[in-house]
Amino acid sequence: MASSSSNISNSKPDLATGNRVTVSITGLSHDGQGVARLSDRVLFVAGALPGEQVQVRLTHKARRHWLAELEQVLESAPDRRRPPCILAEHCGGCSLQHLEDAGQQHWKHQKVVDAIRRIAHLDHPVAPLLAAPEGLGYRNRAIIPLERCEDGHLRAGFYRRGTHRIVNMNHCPVLDPRLDALIAPLKADLESSDWPVDRDCQEGGGLRHLALRLGSHSGELLITLVSSHDELDGLEILAAQWMQRWPALVGVCLNLQPLPTNTLLGPETRVVVGRGWVEERFCDLSLRISADTFFQVHTQQAERVVPLVLAALDGLPAGVMVDAYCGIGTYSLPVAAAGWQVHGIELSPEAVHQAKTNAKENGLGERASFEAGVVSGCLGEHLAHCDVLFLDPPRKGLEPATLQAIVANPPAHLLYLSCDPATLARDLAQLVESCHYQLASLQPIDFFPQTSHVETLAVLHRGAPPQGATAGAAQALS
């Protein structure tokens, strides 16, 4: 954008909600918002980039910071671009579409570096980011909120940042094109139905979300409607029509979420027609992935983790690996296929059932076992018998009880796959201090282009690293 002048000064700002000020953006926050100083407070501006001078409108004053809405870019950063999605300025699904891909990658690498230094207080190099081959069209899953307007029109789209206001959409360029092509026709069919639609998580309101899942390599599609009740007359007929319309569609499901909560999926999923899972090829294995179980949204990037894990094990005799937060066996089973005994722990009974099925279908039932339970409660009894611990926790990182179990009986080798650099750094600091682990490598991987999220694989050893691990890691990255 072209530079322009403004008589609104940052030196003596009028600090009141609704007023406009001009500020210089000096950095990005952990969630990708522009950061500036405003008097004695930090100011956060969604859509602004470091090096820019911007005019903003103050929207909210907190104890230590301000929030503001970007109104005009007066001086643009060199890596600013026009977002590839026309809804990017309004939709909260992506936060970095206005930043060139190279700029996103540089910032994500630095985000990991800063967390390790400032939070973990560790002086260890961070490997270059493993960037995604494509920044768009990669997501294999979407859960899209729904609402019906007073005039009967159906709105479908992701929420505006910080709100429950849906930004209506017919296309999403971040989705795999095979999923994106379903949005408009499914939206039209749901609009034509007389089914009630929930709003703001009201109890018993009706439809809530449209969930789509794809096997990226297999091409199989799965549609799931999320509703607070099952009183959807004609659903079986419409589902059968969808199966005829799209040959790649293998099933239509109904998930029941009756509670007035922000939790997207409820505990019960029914198959309306077809089957309730897609079959996917992952690292030469066949995986069943159901409508309501977790699987990484970027299949190709998730596959790049496997050779990194195997490289970290290179030089070790095949022993026992415990996989905490194992899901459907995404990383357990490739390790089992490499000759290791694996034991997975996962909270979701459905995911554990699928992991067992996946192990059996791939001829790995003798090498892979799984149990349903809370990791913090189950992990301790397995640590004395394992050679390697693999951790893939949710964004909040490890619970204190999980850390305590590891500290009480630390395995010789630990691999930690994290989706949040801050909680990773927090946990690494305790593991290094309390268990005397040596940090061998830190590898960031971009699973989520156009967003502020970044995955990181940390490899730790007690004592010397296994022979061949360094060479194996280099080979995995080549």
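In what follows, every heavy atom counts, from backbone to side chain, and hydrogens, waters and symmetry copies are set aside. For the single chain, residues carry numbers from 1 onward in sequence order.
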field: Passing candidate, side-chain contact (heavy atoms from CB on, under 4.5 Å) with Leu129, options Ile445, Val454, Val112
entry: Val454
- line: From the list Leu238, Ile223, Leu225, side-chain contact (heavy atoms from CB on, under 4.5 Å) with Leu186 holds only for Ile223
field: Check against side chain to side chain contact (heavy atoms under 4.5 Å, CB included), Asp101 and Arg81
entry: CA-CA 10 Å; Asp101 288 344; Arg81 69 176 178 187; 3.4 Å; yes
- request: Might you confirm whether atom CD1 of Ile86 has over 12 heavy atoms from other residues, nucleotides or ligands at distances under 6.0 Å?
  value: no
query: If you draw a 6.0 Å radius around CZ in Arg281, do more than 12 non-hydrogen atoms from other residues or ligands fall strictly inside?
result: yes
Any donor-acceptor pair under 3.5 Å linking the side chain of [X] with the backbone of [Y]?
X	Y	result
Gln257	Thr263	yes
His98	Ala88	no
Glu71	Gln55	no
Glu280	His217	yes
Asn255	Ser227	no
Lys108	Thr451	yes
Arg161	Ala46	no
Gln450	Gly135	yes
Thr423	Arg395	yes
Gln104	Leu96	yes

Polar side chain donor-acceptor pair, [X] to [Y], under 3.5 angstrom:
X	Y	answer
Glu399	Ser376	yes
Tyr331	Asp392	no
Gln354	Ser290	yes
Asn140	Thr299	yes
Thr22	Gln53	no

- request: Would you sort out whether Asp31 and Ser29 count as a side-chain hydrogen bond (donor to acceptor under 3.5 Å, both in side chains), showing the intermediate values?
  value: CA-CA 5 Å; Asp31 59 352; Ser29 66; 2.4 Å; yes
statement: Here the ring pair (Phe, Tyr, Trp, His ring centres under 6.0 Å) pairs for residues 263-303, sequence neighbours left out, are Tyr138-His298, Phe282-Phe295
field: Worked verdict on Asp314 versus Leu310 for side chain to side chain contact (heavy atoms under 4.5 Å, CB included)
entry: CA-CA 6 Å; Asp314 192 21; Leu310 296 180; over 6 Å; no
query: Do Thr456 and Ile116 have side-chain heavy atoms sitting under 4.5 Å apart?
result: no
- prompt: Heavy atoms, side chains only, cut-off 4.5 Å: are Leu379 and Ile345 in contact?
  reply: yes
message: Is there a side chain to side chain contact (heavy atoms under 4.5 Å, CB included) between Leu333 and Leu287? Walk through the geometry before answering.
response: CA-CA 9 Å; Leu333 295 179; Leu287 299 183; 3.9 Å; yes
field: Set of side-chain hydrogen bond (donor to acceptor under 3.5 Å, both in side chains) partners for Asp189, sequence neighbours left out
entry: Trp242, Arg245
query: If you look only at pairs with a residue in residues 365-374, which of them pass as a side-chain hydrogen bond (donor to acceptor under 3.5 Å, both in side chains), with sequence neighbours excluded?
result: His343-Ser369, His343-Glu371, Glu371-His382
field: Electrostatic pair Glu220:Arg275 at N-O distance under 4.0 angstrom
entry: yes
message: Could you report the tightest heavy-atom contact between Gly18 and Arg57, atom names first, then the distance?
response: O-CG, 3.4 Å
statement: Nearest heavy-atom approach of Ser228 to Gly205 is OG-N, 3.1 Å
Residues Gln296, Glu455; criterion side chain to side chain contact (heavy atoms under 4.5 Å, CB included); working and verdict: CA-CA 11 Å; Gln296 296 284 3; Glu455 207 90 359; 3.6 Å; yes
